[in-house]
2 protein chains.
Amino acid sequence: MVSGMSASAEASSTPPPTDRRSRRRLETIEEILDIAQDIMTEDGVNALTLSEVARRLGVQPPSLYKYFDSLLAVYDALFERGQRIHYEALQRAAQGAAPGLPALHAMLDASGRWCLANSPIAQLLFSRPVPGFEPTEASLEPSVAMVQLQRDALADAVEHGQLGPGAASDEAVWFLSIFIIGSLSQAIANEPDLPWGTGRFTPLLPRLVDLLVALYPPAG
Amino acid sequence: MVSGMSASAEASSTPPPTDRRSRRRLETIEEILDIAQDIMTEDGVNALTLSEVARRLGVQPPSLYKYFDSLLAVYDALFERGQRIHYEALQRAAQGAAPGLPALHAMLDASGRWCLANSPIAQLLFSRPVPGFEPTEASLEPSVAMVQLQRDALADAVEHGQLGPGAASDEAVWFLSIFIIGSLSQAIANEPDLPWGTGRFTPLLPRLVDLLVALYPPAG
DNA sequence: GTCTATATTATGATAGAC
DNA sequence: GTCTATCATAATATAGAC
């Protein structure tokens with residue numbers, strides 16, 4: 001029944017085609033996803049329905065099935081797109097900072113900002129709020145890359161003597177993820193409308209770097 | 001429309017009545033909540049419907065309205081009950097251990113075990129997965145008490161010289177909550193079927209105590 | 001406090017004309 | 001690729017008999 005995501009797979013794995021019809025098609029797909037995200041932002045992750053998307057797109061519900069096989073396929077496409085954009089944000093942040101702790105700090109900052117600005121997508125990525133929805137393997141791919149990104153930053157920090165050798169470990173990566181998810185969960189659940197850097201939780205996220213230093217003290 | 005939770009309020013604020021009819025009524029309410037929790041455990045927090053509850057209870061859907069005003073009222077009762085039971089578990093854990101860090105450790109352990117064993121309820125408590133559901137003020141009450149419990153344990157630890165004075169602060173409480181929620185979110189989302197203490201995330205929760213020590217080093 | 005009957009509304013999805 | 005028409009299903013909730 002969950003037939004996958006032919007449409008969104010097209011959107012992600014195929015390079016942008018020059019063909020005008022295909023381009024128009026991809027635009028529509030993006031528009032559908034944008035509307036879906038709007039709905040989730042307004043009324044919650046589980047409030048997404050194809051009927052409402054059709055309503056806002058100014059189209060009849062059956063038309064949407066030309067772009068997505070099912071409602072779950074839309075969720076999957078949202079998951080995939082979110083995962084990808086989030087990853088790219090992290091990557092940009094890491095590249096724009098010095099290797100090691102500064103890169104790590106920049107990544108935390110970028111991650112926090114993005115997730116808070118796209119909280120329903122973040123919920124989709126980091127918890128399982130939709131009955132029956134499980135991301136496909138393809139959608140999970142960037143997640144693996146993201147872990148690698150963090151692992152690299154940790155290894156860099158160790159190499160630069162900013163963290164002790166224990167930080168180049170799976171454990172440290174899990175610590176990182178726990179802290180990111182925890183502060184974001186708290187912020188989204190309890191202070192959804194506060195901007196990044198304010199409130200009780202998001203200001204603590206950058207301090208995770210201090211925490212890592214405390215946990216894995218550098219040799220010197 | 002969301003008229004509150006007359007039924008569940010009865011269940012929590014009234015001391016157990018000796019009257020047989022009332023007792024039977026409370027039993028039914030508890031049974032409804034148990035069934036609701038089962039459904040959420042099997043199919044997700046958002047899979048809860050009154051029809052399914054009625055089906056399993058062997059009763060027609062309208063009958064349920066004698067006990068709860070609406071579906072959201074059931075969610076609220078689940079929230080309230082979960083909050084209360086979780087709190088009592090923490091309290092017991094704290095009382096069964098030496099004051100300060102041991103109590104803190106015991107609380108983390110108890111919290112983790114309970115949340116993992118009641119993950120849909122935990123999701124209800126710590127995120128907002130149900131469109132339209134906001135816990136009533138009364139339901140949030142134990143949450144305040146829980147924060148106080150943690151604050152007390154931190155203060156004890158400071159008093160016993162196990163943590164530096166900075167640990168007797170709101171910040172430390174938020175750190176605690178972030179770490180608890182984070183590790184549980186990760187465990188529930190990624191390793192829902194692994195028992196407590198196994199997997200990548202739950203073994204890290206007890207180490208939060210070390211983290212606190214690193215963050216707020218005692219004077220000596 | 002339980003039931004039947006029903007109102008109301010909504011959903012996901014398919015068939016087939018254009 | 002859009003539409004109309006429709007299927008099939010399900011939900012919350014209320015009215016009123018017993």
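As the structure is a computational prediction, the values presented were derived from the model and not from experiment. The chains referred to below are lettered A, B, ... by the order of the sequence lines, with proteins before strands, and numbering in each begins at 1.
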In degrees, rounded to 10°, what is the bend between the two ends of the helix from C:dG1-D:dC18 to C:dC18-D:dG1, using five pairs at each? 0°
A:Phe68 CZ to C:dT14 P, in whole Å, measures 16 Å
Which ones in residues 35-60 of chain B lie close to DNA chain D, meaning a heavy atom under 4.0 Å from one of its atoms? B:Thr49, B:Leu50, B:Ser51, B:Arg55
Using atom OH of B:Tyr65 as one end and atom C1' of C:dT2 as the other, report the distance to the nearest whole Å. 15 Å
Side-chain contact, heavy-atom cut-off 4.5 Å: A:Asn46 with A:Pro131? yes
Does this structure show an ion pair linking A:Glu30 with A:Arg81, if we count only N-O contacts that are shorter than 4.0 Å? yes
Any heavy-atom pair between the side chains of B:Met40 and B:Leu78 that's under 4.5 Å? yes
For B:Ser127 and A:Gln123, which I'm curious about, is there any donor-acceptor pair between the side chains at under 3.5 Å? no
Please state how far atom CD1 in B:Ile32 lies from atom P in C:dG1, giving the value in whole angstrom units. 10 Å
Please step through salt bridge (charged side-chain N to carboxylate O under 4.0 Å, His left out) for the pair B:Arg25 and B:Glu31, ending with a clear verdict. CA-CA 10 Å; B:Arg25 183 182 161 78; B:Glu31 199 174 348; over 6 Å; no
Could you give the CG-to-P distance, from A:Leu64 to D:dC3, as a whole number of Å? 9 Å
Heavy atoms, side chains only, cut-off 4.5 Å: are B:Thr41 and B:Asn118 in contact? no
Is the closest basic N to carboxylate O distance between B:Arg207 and A:Glu171 below 4.0 Å? yes
Grab the CG-P distance between B:Leu71 and C:dA10 for me, whole Å please. 17 Å
B:Phe175-A:Phe179 aromatic ring centre distance below 6.0 Å: yes
Distance check needed: D:dA11 C1' versus B:Leu72 CG, whole Å only. 13 Å
Protein-nucleotides 16-18 of chain C N/O pairs closer than 3.5 Å?
none

Check the distance between C:dA13's P and A:Asp69's CG and give it to me in whole angstrom. 9 Å
Side chain to side chain donor-acceptor pair (under 3.5 Å) with B:Tyr87: which of B:Gln83, B:Arg84, B:Gln91? B:Gln91
Expected output: side-chain A:Asn190 to main-chain A:Gln186 donor-acceptor under 3.5 Å: yes
Roughly how many Å is it from CZ in A:Arg23 to C1' in D:dG1, rounded to a whole number? 18 Å
Full working for salt bridge (charged side-chain N to carboxylate O under 4.0 Å, His left out) between B:Arg23 and B:Glu27: CA-CA 6 Å; B:Arg23 206 164 45 212; B:Glu27 279 174 17; 5.1 Å; no
Examine D:dT2: is either OP1 or OP2 under 4.0 Å from a nitrogen or oxygen in the side chain of A:Tyr67? Give yes or no. yes
